[in-house]
Amino acid sequence: MDVVHSALHAGHDGGVELHRGQLVPCYECPARVDFIEQALRAAGRHTWLPPRDFPLERLLDIHDADFIEFLRTAYPRWRAEGRDGSMLPSGFPARGLRRDRVPSGIHGAMGYYAFDAGTPIVPGTWEAALASAHCAMTAAALVTEGARAAYALCRPPGHHAARGTYGGYCFLNNAALAAQGLRDAGKARVALLDVDYHHGNGTQEIFWERDDVLFISIHGTPDTEYPYFLGYADERGAGRGEGYTLNLPLQRGTDWARYSAALATAREAIQAFGADALVVSLGVDTYQGDPISAFKLSKEHFPLLGGQLAGLGLPKVLVQEGGYAVEDIGHNVAAVLGAFDSAVLR
Ligand code: Q9C
Ligand code: ZN
């Protein structure tokens, strides 16, 4: 399978996050990519490609222009105040506060565009996020040019990033950009299946009112799990998009039996939709060893997950999202991709 990868991810490093009341090194770290790369190179049947370049305007199909401008200039603005280290916000426009104007100061602006204090911006963040988005867009281009499947080794991840907000370690919505790329190249109906442990709130928001992209997410219930404020089963889309969002929230402790039942429901919905292509937001933080998640999938289940996805028989763009059990992330990603490779000819 084609693997699209950029070394620029490594510049997004050294950040701290507010985690359960403490500042800790960000769980979303460069070593994640090193372990994935190692495992995929050991598998030996992948073609490694750099991302292509795309005009900045392509981001504006998915994100607001002021948000892109904020991300691009955020760290220099922080530096201009004489600060270094991680940029983190300390206040948000919650209920009762104004969100009709963006404060001119960097601290207020950060709170306006962020929705958590767990997503540090550091000097290399913008370049890394842009390269990550380009990896996903390149993978989509490869599929529109005839590849049966392509994998974007995206870091930072993307599915929490919405039209004009960032959080959950995500800045640009890589999977949404890939789906848009498929649409622009003539795939009429695109299914986007999010199997990351956390609800893909950003992707859901972006496609909420669209009927050309079906969004399905299987995730830990927001009643107890991040991002807490989106991802319930009664969220089904609006306007033309009504019925084109499907949330399958599951309890903490969910095992493969329950997980695979939700996966079967997702597969049926993708088939009923009549998708021409599939984007997978591939988080492997459903793994039992994940330090910030609570599902019970073990190593033997990732080839089964891959087989279920591959068996849909559609052109597929796989986009890396979460997975924080760093030592095992490579094994689990390679297990999913391995199943794709053996099923690709079917
Ligand atoms: N430090 C992805 O898997 N952290 N994002 C919650 C606050 C947010 C996960 C605790 C977890 C986001 C792409
Ligand atoms: Zn996640």
Side-chain angles (χ1 to χ4, degrees), residues 9 12 15-33 36 86-90 92 114-121 125 128-129 132-133 135-136 152-162 165-178 192-206 217-231 247-250 252 254 259 279-297 302 305 318-326 328-329 332-333 336:
H9 79 87
H12 180 55
V16 296
E17 65 171 275
L18 188 60
H19 179 66
R20 303 174 188 163
Q22 312 262 13
L23 281 177
V24 301
C26 198
Y27 284 94
E28 200 290 291
C29 61
R32 298 176 60 243
V33 168
I36 293 171
S86 296
M87 278 183 82
L88 288 177
S90 356
F92 305 95
F115 58 84
D116 68 29
T119 310
I121 296 178
T125 298
S132 187
C135 286
L153 210 185
C154 290
R155 177 181 177 273
H159 73 148
H160 294 300
T165 54
Y166 73 97
Y169 313 145
C170 302
F171 303 93
L172 298 173
N173 196 311
N174 308 316
L177 287 159
L192 201 164
L193 174 60
D194 190 326
V195 298
D196 186 279
Y197 178 78
H198 306 94
H199 177 246
N201 62 285
T203 314
Q204 172 169 310
E205 185 205 291
I206 287 163
S217 183
I218 306 173
H219 51 270
T221 175
D223 254 327
T224 57
E225 306 309 292
Y226 186 92
Y228 309 121
F229 305 105
L230 212 63
N247 281 314
L248 301 166
L250 299 169
R252 291 174 66 85
T254 287
Y259 191 90
V279 176
V280 180
S281 265
L282 180 62
V284 293
D285 39 11
T286 46
Y287 177 53
Q288 60 181 3
D290 197 90
I292 63 169
S293 310
F295 283 174
K296 293 271 176 282
L297 269 53
F302 288 95
L305 171 62
L318 305 177
V319 178
Q320 185 64 46
E321 302 282 2
Y324 308 100
V326 175
D328 293 325
I329 187 175
N332 292 337
V333 169
V336 175

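Order of listing sets the numbers, starting from 1, for every ligand and every atom in it. Scope of the values below: all heavy atoms of this structure, side chains included, with no hydrogens, waters or symmetry mates.
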Item to complete: Compare all side-chain heavy atoms of H19 with those of I292 and state whether any distance is below 4.5 angstrom.
Response: yes

Worksheet item: Do the rings of Y197 and F295 sit parallel, tilted or perpendicular, given the 30° and 60° boundaries?
Response: perpendicular

For [atom], grab the closest protein heavy atom and report residue, atom and distance to one decimal in Å.
atom	value
atom 1 (N) of ligand 1	E17 OE1, 2.5 Å
atom 4 (N) of ligand 1	Y169 OH, 3.8 Å
atom 10 (C) of ligand 1	H19 ND1, 3.6 Å
atom 7 (C) of ligand 1	L18 O, 3.4 Å
atom 6 (C) of ligand 1	Y226 CD1, 3.8 Å

Discussion item. Suppose we only allow N, O or S atoms; which atom of H198 ends up nearest to the Zn ion (ligand 2)?
Written reply: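 Nearest to the Zn ion (ligand 2) within H198's N, O and S set: ND1.
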
Discussion item. Can you tell me if, anywhere in H159, an N/O/S atom lies at a distance from the Zn ion (ligand 2) that is smaller than 2.8 Å?
Written reply: no

Worksheet item: Does E321 put an N, O or S atom under 2.8 Å from the Zn ion (ligand 2)?
Response: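 Of the N, O and S atoms in E321, none lies under 2.8 Å from the Zn ion (ligand 2), which means no.
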
Measuring from atom [atom1] of [X] to atom [atom2] of [Y], what distance do you get when rounded to the nearest 0.5 angstrom?
X	Y	atom1	atom2	answer
D116	F92	CG	CZ	6.5 Å
L193	I218	CG	CD1	5.5 Å
S293	R252	OG	CZ	9.0 Å

Check whether any N or O atom of [X], backbone or side chain, sits under 3.5 Å from an N or O atom of ligand 1, and answer yes or no.
X	result
H198	yes
H159	no
Y228	no
G168	yes
P157	no

Is there a donor-acceptor pair under 3.5 Å between the side chain of [X] and the backbone N or O of [Y]?
X	Y	answer
N173	A162	no
N174	A133	yes
S132	P156	yes

Discussion item. Checking ring pair (Phe, Tyr, Trp, His ring centres under 6.0 Å) between F171 and each of H160, H159, H12, which is the one that passes?
Written reply: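 So, applying the ring pair (Phe, Tyr, Trp, His ring centres under 6.0 Å) to F171 and each of H160, H159, H12, only H12 qualifies.
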
State the atoms of ligand 1, each with its element, that fall below the 4.0 Å cut-off from a heavy-atom position in [X].
X	value
Y324	2 (C), 3 (O), 5 (N), 9 (C), 13 (C)
D196	3 (O)
D285	3 (O)

Worksheet item: For the residue pair Y169 and Y324, is the inter-centroid distance of their aromatic rings smaller than 6.0 Å?
Response: yes

Fill in: Part of H160 within contact of ligand 1 (heavy atoms, under 4.0 Å)
side chain

Discussion item. Exactly one of D285, D196, V195, N247 should register a side-chain contact (heavy atoms from CB on, under 4.5 Å) with H219. Which one does?
Written reply: N247

Item to complete: Angle at the Zn ion (ligand 2): provide the value between OD2 of D196 and OD2 of D285, rounding to 10 degrees.
Response: 80°

